[in-house]
Colleague: 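Starting off with a structure, shown below.
We name chains A, B, ... by the order of the sequence lines, and we start the count at 1 in each one. Computed over heavy atoms, backbone and side chain alike; hydrogens, waters and symmetry mates excluded.
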Amino acid sequence: MSGVRLRFAPSPTGYLHVGGARTALFNWLLARKEKGKFILRIEDTDLARSTQESVDAILEGMCWLGLEWDEGPIYQSDRFPIYREFVEKLLLEKKAYKCFCTPEELDAKREKAIQEKKKPQYDRTCLERQTDDSDRPFVVRFNSPESGTTAFDDLIKGRISFNNEELDDLIIQRSDGTPTYNFVVVVDDATMGISTVIRGDDHINNTPRQILLYEALGYPVPLFAHVPMILGADKSRLSKRHGATSVIAYKEMGFLPEAMVNYLVRLGWSYGDQEIFTKEELIERFSIGSVGRSAGIFNPDKLSWLNAHYIKEYEPVRLAELLVPFMKKKGIDVANGPDIVKVVKTLQDRARTLVEMADGAEFYYKAGFSYDEKSLQKFLNGTLASIFEEIAEKFSLVAKADHESIDTLFKNICSGRGLKMKDVALPARIALTGGTAAPGLFDVIEVLGKEETVSRLQRAIEFVKILEQKKIDDNE
RNA sequence: GGUCCCAUCGUCUAGUGGUUAGGACACCGGCCUUUCACGUCGGUAACAGGGGUUCAAGUCCCCUUGGGAUCACCA
């Protein structure tokens, strides 16, 4: 039993973003690989921006991806007394101090510093203050060292070091008594015994301050691993204008969680030339050290390719279950029509998403479709109706409507009429599916069954007769 | 602007001083074929630039350039 403890700590101000999902995935993977614990913590110290809907959305995303957590969700809003205690402790030890400067004063100082091209840092006015006007509102600031350096060995980026003079005295408790992010994250990670912090590299600049806080609090500093950002096609931070950024949106677009996980993990991490990984393989082969250092661009094409792969490989029964909601969304009740599992089997090789598969499955359940007339025109030579009639006739006599007997039936018709397979199969496909893009004709017939096939053929015969008559009229 | 991070095909990446710089997505072409796909075979395509170190540099060092992050009583 290894003692590693990892955590994912989203703030509930929106849905689960693909970037966050990847960070969560890396944490989860490492926890599973090392047989440690994976903790989910909700960072909701900003009461105004946090919502329960966001918490639910994040949990839904995590569950969909299969990232089950061992402890939590722990809400920071439940832990305010703990943070308060640690603030008092620092205050007592003079490692923190009360600051009575107003936001207006601070803004003015910042403005001035920027004007004078100086660093906009807090000037420590209140550090040496003797009077304690506690009836006036105050914030608590961390007394940060003014010299020296703070460094750490990032598991992904290598050694990173900062001059302490770059760090000013950050606020750890607001004037309303609530603690701020950099403080609570340290208190939580410390008291929860987090051994390795894996998070986005937008937190690198926070890390030295946090290390200083660990030290002030007397806790060991954890290991850090800062994973690079995910960017959009134009190399800017991935946002809605690049497409969907919510994990759940991908679920709704018909992606499989296996594909999403596989895509996300391979974006920034690699294992030789391998592209496809089962969850077990990932757990076995993942290592945080082989995560790349540079930002990656989110590539929907590759995600689609992976999704297509997983659709092909999926167990048809399970895939059918996943497809049903997508059919329902199109107003189709799969109970009224052919066996959905058989339908799925004919579509697995030609759908990249469940949405595409639902589109491709539509004709099986909707008999009243319109025909692709333009394509049908090519086969109008006066005998098409009779070909359909012959198929219907012979097919209704066939003992077993399986692939093989359908094959021989069509071959017989072809040889009997001196026609090529495409002369018969192509128009027949239009008759049965309405269009030209569909699964193999014999598979379609087999799935549709004898009765439905014959009925569709009869409907097509009527339609073709009208077309042929029209053609004669036009020529006159 | 300060600080910090990053830099191999369009994209994701392999590469840990000696390689015809490999794979995958996408793209293009051949094959397969009852359509559309799938599949399969092949092709185009990269070490940002400049200095060092070294017998030898995509690999190590420095600079430049370019991209990104961060500088809140947000997280």
Colleague: Any base atoms under 4.0 Å from A:R293, or only sugar-phosphate, or nothing? Heavy atoms, all strands.
Modeller: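 A:R293: backbone/sugar contact only, no base atoms under 4.0 Å.
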
Colleague: Heavy atoms only, 4.0 Å cut-off, all strands: where does A:R49 land among base, sugar-phosphate and nothing?
Modeller: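 A:R49: base contact, heavy atoms under 4.0 Å.
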
Colleague: Which is true for A:H226 with a 4.0 Å heavy-atom rule: it touches a base, it touches only sugar-phosphate, or it touches nothing?
Modeller: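 Answer is nothing: A:H226 stays at 4.0 Å or more from every strand.
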
Colleague: At under 4.0 Å between heavy atoms, what does A:T45 touch on the DNA or RNA strands: base, sugar-phosphate, or nothing?
Modeller: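 Touches sugar-phosphate only.
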
Colleague: Among B:rC12, B:rU70, B:rC73, find the nucleotide with the atom closest to the side chain of A:L267.
Modeller: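 It is B:rC12.
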
Colleague: For A:G296, answer base if it contacts any base atom (sugar-phosphate contacts may also be present), sugar-phosphate if it contacts only those atoms, and nothing otherwise; contact means non-hydrogen atoms under 4.0 Å.
Modeller: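 Sugar-phosphate, backbone atoms only, no base.
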
Colleague: When we call it a touch if two heavy atoms are under 4.0 Å apart, what does A:F162 touch: a base, just sugar-phosphate, or nothing?
Modeller: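 Here A:F162 touches the backbone only, sparing every base.
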
Colleague: In whole angstrom, give me the gap between the P atoms of B:rU59 and B:rC9.
Modeller: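 Here B:rU59 and B:rC9 have their P atoms 14 Å from each other.
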
Colleague: Hey, does A:K420 reach any base, or is it just sugar-phosphate, or nothing, if we go heavy atoms under 4.0 Å?
Modeller: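 No contact.
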
Colleague: Rounding to an integer number of angstrom, what distance separates B:rG52 and B:rG10 when you compare their P atoms?
Modeller: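 It comes out at 28 Å once rounded to the nearest Å.
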
Colleague: Take atom OH of A:Y271 and atom P of B:rA24, then tell me their distance rounded to the nearest Å.
Modeller: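 Atom-to-atom, A:Y271 to B:rA24, this comes out as 18 Å.
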
Colleague: Ring-plane angle category for A:F442 and A:F410, please: parallel below 30°, perpendicular beyond 60°, tilted otherwise.
Modeller: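 It falls in the tilted class, 30° to 60°.
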
Colleague: For B:rG58 and B:rG49, measure between their P atoms and round to the nearest Å.
Modeller: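 Comparing P positions in B:rG58 and B:rG49 gives a spacing of 11 Å.
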
Colleague: Which part of the nucleic acid, if any, lies within contact of A:G435, taking any heavy atom under 4.0 Å across all strands shown: a base, the sugar-phosphate backbone alone, or nothing?
Modeller: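 It contacts nothing in the nucleic acid.
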
Colleague: Can you identify which nucleotide, out of B:rA37, B:rA75, B:rA24, has its nearest atom closest to the A:K302 side chain?
Modeller: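 The answer is B:rA24.
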
Colleague: Expressed as a whole number of angstroms, how long is the span from A:L303:CG to B:rU11:C1'?
Modeller: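 Checked: the CG to C1' distance equals 13 Å.
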
Colleague: Heavy atoms only, 4.0 Å cut-off, all strands: where does A:I204 land among base, sugar-phosphate and nothing?
Modeller: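 Sugar-phosphate only.
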
Colleague: Any base atoms under 4.0 Å from A:S270, or only sugar-phosphate, or nothing? Heavy atoms, all strands.
Modeller: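 Sugar-phosphate contact only.
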
Colleague: Answer with base, sugar-phosphate or nothing: what part of the nucleic acid does A:N163 contact at a heavy-atom distance below 4.0 Å?
Modeller: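 Touches nothing.
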
Colleague: Once you apply a heavy-atom cut-off of 4.0 Å, does A:P208 come out as touching a base, just sugar-phosphate, or nothing?
Modeller: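 No contact.
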
Colleague: Which nucleotide in the list B:rC25, B:rA75, B:rU34 gets nearest to the side chain of A:M421?
Modeller: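 For the A:M421 side chain, the nearest candidate turns out to be B:rU34.
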
Colleague: Which part of the nucleic acid, if any, lies within reach of A:E275 when heavy atoms closer than 4.0 Å are counted: base, sugar-phosphate only, or nothing?
Modeller: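 A:E275: base contact, heavy atoms under 4.0 Å.
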
Colleague: Base, sugar-phosphate or nothing for A:C414? Non-hydrogen atoms, less than 4.0 Å.
Modeller: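 No contact.
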
Colleague: Using the P atom as the reference point in each nucleotide, state the distance between B:rU40 and B:rA45 in Å, no decimals.
Modeller: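 My reading of the P atoms in B:rU40 and B:rA45 gives 24 Å.
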
